[in-house]
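This report refers to the structure that appears directly beneath it.
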Amino acid sequence: SVSQGIFLKVSRQEFETKSKEWVRSEGQCRKQALKELWGVLQYPLGWLCDIEDEAGRNAERVQELTQLRKKCIPQVVVLLIDVLKETQLYQDALALMCLVADEERRLYANFSQSELQDVTVKLARLRVKWEEQQHGVEHIQPSHKIVE
């Protein structure tokens with residue numbers, strides 16, 4: 001009937017409008033998440049680090065902050081990897097690798113060996129995705145021969 005056709009048309013238009021709003025809102029949320037996660041990792045002088053000199057530090061507080069960093073920093077890096085993957089910002093994987101490996105920030109010191117291996121694998125996969133995105137799968141050649 002005509003009323004059903006009009007209802008379906010209006011419903012479809014409402015759905016499309018709401019879908020566009022949702023996509024826009026989700027994009028804004030992802031951008032904000034990226035900004036906040038990068039901010040944690042790039043916090044001046046280190047996130048959850050005291051600025052005081054060694055003589056003024058409380059040993060218990062230093063230990064608590066260290067434990068928090070060991071728990072939170074790997075989680076923040078994994079969250080950032082997930083957001084980079086979902087937003088297809090594969091090119092940022094190299095920047096994240098460099099940040100984690102940076103000798104001045106020493107973020108890698110907050111990871112267990114297995115966490116660091118997992119993050120390295122995830123970042124390498126993102127890097128491969130970036131290469132695929134740049135050159136297409138058929139053009140990627142390994143940089144070295146695999147010896148069996």
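- Residues satisfying the side-chain contact (heavy atoms from CB on, under 4.5 Å) test with Val76, not counting sequence neighbours, are Leu37, Val40, Leu41.
- For the pair Leu34/Leu89, a side-chain contact is recorded, criterion being any heavy-atom separation below 4.5 Å from C-beta on.
- Applying the side-chain contact (heavy atoms from CB on, under 4.5 Å) rule to Leu8 yields no partners; only residues at least two apart in sequence or on another chain are considered.
- In this structure, Trp22 shares a hydrophobic cluster with Val23, the cluster being traced through Ile, Leu, Val, Met, Phe, Trp and Tyr side chains under 4.5 angstrom apart.
- Taking Tyr108 as the reference, Glu103, Arg106 meet the side-chain hydrogen bond (donor to acceptor under 3.5 Å, both in side chains) condition, with sequence neighbours excluded.
- The stretch residues 64-83 participates, sequence neighbours left out, in no side-chain hydrogen bond (donor to acceptor under 3.5 Å, both in side chains) pair at all.
- We find the CG-CH2 distance between Leu107 and Trp47 to be 11.0 Å, quoted to the nearest 0.5 Å.
- Listed by first and then second residue, the side-chain hydrogen bond (donor to acceptor under 3.5 Å, both in side chains) pairs involving residues 112-126 are Ser112-Ser114, Ser112-Glu115 (not counting sequence neighbours).
- Each side-chain hydrogen bond (donor to acceptor under 3.5 Å, both in side chains) pair with one or both residues in residues 4-19, not counting sequence neighbours, would appear here, but there are none.
- The side-chain hydrogen bond (donor to acceptor under 3.5 Å, both in side chains) analysis of residues 91-102, with sequence neighbours excluded, yields no pairs.
- Taking the side-chain contact (heavy atoms from CB on, under 4.5 Å) definition, one finds that Glu86 meets it with Arg30, sequence neighbours left out.
- Under the 4.5 Å side-chain heavy-atom criterion for grouping Ile, Leu, Val, Met, Phe, Trp and Tyr, Val119 is not connected to Val128 through any hydrophobic cluster.
- To the nearest 0.5 angstrom, Gln133 atom CD is 10.5 Å from Leu126 atom CG.
- Here the CG-CG distance, from Leu96 to Leu123, works out to 5.0 Å after rounding to the nearest 0.5 Å.
- Under the 4.5 Å side-chain criterion, counting only non-hydrogen atoms from C-beta, Tyr90 is not in contact with Leu84.
- Listed by chain and number, the residues in a side-chain contact (heavy atoms from CB on, under 4.5 Å) with Glu36 are Gln32 (sequence neighbours excluded).
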Checking side chain to side chain contact (heavy atoms under 4.5 Å, CB included) for the pair Trp130/Leu94: CA distance, chi angles, key distance, verdict? CA-CA 10 Å; Trp130 180 78; Leu94 182 58; over 6 Å; no
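- Residues Cys49 and Tyr43 fail the side-chain proximity criterion, which asks for heavy atoms closer than 4.5 Å.
- For Gln63, there are no side-chain hydrogen bond (donor to acceptor under 3.5 Å, both in side chains) partners two or more places apart in sequence or in a different chain.
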Applying side chain to side chain contact (heavy atoms under 4.5 Å, CB included), run through Gln88 and Lys129 and close with a yes or a no. CA-CA 8 Å; Gln88 296 183 357; Lys129 289 281 191 187; over 6 Å; no
